[in-house]
Number of protein chains: 4
Amino acid sequence: MTRRRSDTRERIRQTALELFLERGYDQTSLREIAERLGVTKAALYYHFKTKEELVASLGEDVDRNLAELVGWGRSQPSTPEVRRELLRRLSVIVSEFAPVARFFQENQAALRTVRGEQRNREHMIALTELITAPDPSTEDRIRAVSALFSVFFGPFALEHLEGDPEANRATLLKVAAEILRLPDPE
Amino acid sequence: MTRRRSDTRERIRQTALELFLERGYDQTSLREIAERLGVTKAALYYHFKTKEELVASLGEDVDRNLAELVGWGRSQPSTPEVRRELLRRLSVIVSEFAPVARFFQENQAALRTVRGEQRNREHMIALTELITAPDPSTEDRIRAVSALFSVFFGPFALEHLEGDPEANRATLLKVAAEILRLPDPE
Amino acid sequence: MTRRRSDTRERIRQTALELFLERGYDQTSLREIAERLGVTKAALYYHFKTKEELVASLGEDVDRNLAELVGWGRSQPSTPEVRRELLRRLSVIVSEFAPVARFFQENQAALRTVRGEQRNREHMIALTELITAPDPSTEDRIRAVSALFSVFFGPFALEHLEGDPEANRATLLKVAAEILRLPDPE
Amino acid sequence: MTRRRSDTRERIRQTALELFLERGYDQTSLREIAERLGVTKAALYYHFKTKEELVASLGEDVDRNLAELVGWGRSQPSTPEVRRELLRRLSVIVSEFAPVARFFQENQAALRTVRGEQRNREHMIALTELITAPDPSTEDRIRAVSALFSVFFGPFALEHLEGDPEANRATLLKVAAEILRLPDPE
DNA sequence: TATGAATGAGTCTTCATTCAT
DNA sequence: AATGAATGAAGACTCATTCAT
């Protein structure tokens, strides 16, 4: 039963996410995580200094991806094509990290003080600005927020929607683009 | 300085909401609420049987309003005008109960097991159906969810937006109607 | 079985002191104190916010007495009679609070960060200065420290000494006075 | 940069003593020692079977020296000269092992169950007897204890005293001899 | 209408220690 | 000579809740 270095660390993260989603962050104790995993609490502490560090580690991948997306957005001119691409890429990230994203969304209050979560919030604000038309009216700003929310939260609300998930995502994206009044791509 | 029946009960609710918003539901203890109010924990228990009953009581007004709105919607024919009116009325409710709505939104995971919160979730689903065009395509469903989310979450994201709040709300509503593809009212 | 207000608080202090003396501060857990007392740990926390507050409370009486003694000393002229009286009064305090004094003495390192203990240390330094002859030579300083230590630690070392404790205390005091080179009182 | 046998062992002892002095025995964990040293906890266990064995090893040198001193004292006739020499030699030992001595003094309660510390306490009792005049009165016993305490604790209290440390030690010794009523040496 | 005192269950966290490699 | 991974036991502390007064 060989086990490569820190297989355990990864299993802890997965089990933690599972339980955090099932029962909520504050209602999930490290004891429960350890038990479901079949290790001792102390083993968790060997791999993560605190419960907060564990949860922060769950947000790191999203954080990295969003940071990169924001970086890319900032390096581009503010054209409709770029804004459309930003929405598209965000939607890819959200669907790739759906469970984590959902967890953070449902536990906002509980995670307010967690480092990583603060960064993610900042990224969302940055993205909102990037998809907002230059020199925006109040209505433009509202459109930006609406479009972003649709892309971000939509998948959770639509989880049980029939049909091909990829097609649904495309439709969601189309609606979001329409909210933003992006011209149809050829 | 007369004090109407159960002034205290109301003050407990307000202080609780305040703290729940500041620190999150699970991170707020009854001790903290009692302390900020200058009474004993036991006093809280005189007015509310449990912490859960206290938080449930916070959702009751919203619950009543949403229930009424759903009831009204169901009693109407499914016309564009009715759907527009549903959005408008929802937006009024959200803005009237903004703090409570925000609290429930940010503490979804923590409140999943709370009676009142489950009812509110059901109301939102019912509303989604009511504003969905009859015989809907997948895209119609997506539009319905997007519109509803915009009306519901928009205010939180736009809290710091400049300009007259009433005017902003009207604009938000206009955007939502557009997402739903409701024809312009005359 | 009537019990006057906060009988319990006092019983906690006594039991704590007992155990702290038997097993040392750090080796004594609140669980042990609670068990020996027949209450729950939570009951201890009802009366003392932390373990540190509990131990600090044990030092308060000594603190008060030493503070008063230092105050008195400072209000007096620096004569041999006053210095002799300072030693005498200190010896009374030490014997009145022998268990507490011993506990603090044996757990210096563990208590270094406890508020009350810091104050007591300062009092001892102040007393050392007060019993030091004015314009002291190095030797005078050494005499002061030696005399004070004898009065303070002597009783612990002499606990098992035969003979009348009061008489022993008088002898100890006489030796201390001699160390300080105080002239015999008439 | 050759490294003699068990350089590490010695560095562990030093770091441990450092930390024990800074934070107290019970408040110092093996993790802290290992971290300050830049090794793993497991490395400590390679060199010392337990934490207790580590701390015991710190007392060994003092133990050996005191044992030897007691042995010497027992082999001598009980003359004033011998008693004076005992005080002198003790004072040399205390000043050579000042940090260790201080550590044991400040952590008495924590170390009560440590083998080495018990032996040291016995040595001190033996020394007290050796410096007590034969056929002693109560006062003689008190003098012996006072003198011994002065020699043993004095240095810690006088640490910040100005002047040449060697000269101070000599003065301390002179005072101690006077407490014991030893006649002046020619 | 409220309080003071208490509890039982649970939380996160740390520790000394072990052992295969 | 030393490490990485893990454990079992325990620690301080907090919480929602109860109840006699």
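Hydrogens, waters and symmetry mates play no part in the numbers below; they use all other heavy atoms, side chains included. All chains are named by letter (A, B, ...) in the order of the sequence lines, taking the proteins before the strands, and each is independently numbered beginning at 1.
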Rounded to whole angstrom units, what separation is found between the CD atom of Glu52(C) and the P atom of dC13(F)? 9 Å
Taking the side chain from Gln108(D) and the backbone from Asn107(C), do they hold a donor-acceptor pair closer than 3.5 Å? no
How many Å lie between CD on Glu53(D) and C1' on dA16(E), as a whole number? 14 Å
Taking salt bridge (charged side-chain N to carboxylate O under 4.0 Å, His left out) as the definition, give me every residue that meets it alongside Glu52(C), ordered by chain and number, with sequence neighbours left out. none
Where does the angle between the aromatic ring planes of Phe103(A) and Tyr25(A) fall among parallel (under 30°), tilted (30 to 60°) and perpendicular (over 60°)? tilted
With sequence neighbours left out, the residues meeting side chain to side chain contact (heavy atoms under 4.5 Å, CB included) with Ala56(B) are Val114(B)
Establish whether the base of dT3(F) is bridged to the side chain of Lys41(D) by a donor-acceptor pair shorter than 3.5 Å. no
Donor-acceptor contact below 3.5 Å, side chain Glu53(A) vs main chain Thr50(A): no
Quick one: Arg31(D) CZ to dA6(F) C1', roughly how many Å, whole number? 16 Å
Hey, is the side chain of His47(D) poking within less than 4.0 Å of OP1 or OP2 on dA2(F), counting only N and O atoms? yes
Do the ring planes of Phe156(D) and Phe152(D) sit parallel (below 30°), tilted (30 to 60°) or perpendicular (above 60°)? perpendicular
I need the CZ-P distance between Arg9(A) and dG4(F), as an integer number of Å. 15 Å
Glu35(C) atom CD is separated from dT7(E) atom P, nearest whole Å, by 13 Å
For Lys51(A) and dT14(E), what is the distance between atoms NZ and P respectively, to the nearest whole Å? 15 Å
Output the single nucleotide from dA5(F), dT13(E), dT7(F) whose closest atom is nearest the side chain of Tyr46(A). dA5(F)
What parts of residues 14-30 of chain D reach DNA chain E, counting only heavy atoms under 4.0 Å away? Thr28(D), Ser29(D), Leu30(D)
Any Gln27(B) side-chain heavy atom under 4.5 Å of Arg112(A) side chain: no
Hey, which of these two, Gly38(A) or Gly38(D), hits DNA chain F nearer its 5' end, going by closest nucleotide? Gly38(D)
For DNA chain F, the dot-bracket notation using Watson-Crick and G-U wobble pairs below 3.5 Å, [ ] for pseudoknot-type crossings and | for other-strand pairs, is .||||||||||||||||||||
What pairs meet the side-chain hydrogen bond (donor to acceptor under 3.5 Å, both in side chains) rule with one or both residues in residues 39-49 of chain B, with sequence neighbours excluded? none
Spacing of Ile12(D) atom CD1 relative to dA1(F) atom P, expressed in whole Å: 11 Å
Partner set under side chain to side chain donor-acceptor pair (under 3.5 Å) for Gln14(D), not counting sequence neighbours: none
Of Leu44(C) and Thr50(A), the one whose nearest nucleotide on DNA chain E sits closer to the 5' end is Leu44(C)
To the side chain of Thr40(D), which of dT3(E), dT17(F), dA2(F) is closest? dA2(F)
Using a strict 4.0 Å threshold on nitrogen-to-oxygen distance, state whether Glu22(A) and Arg36(A) make a salt bridge. yes
Select one nucleotide: of dA6(E), dG4(F), dT3(E), the one nearest the side-chain heavy atoms of Thr8(C). dA6(E)
Leu37(A) atom CG is separated from dA5(F) atom C1', nearest whole Å, by 14 Å
Side chain of Tyr45(B) only, please: which of dT13(E), dA6(E), dT17(F) is the nearest? dT17(F)
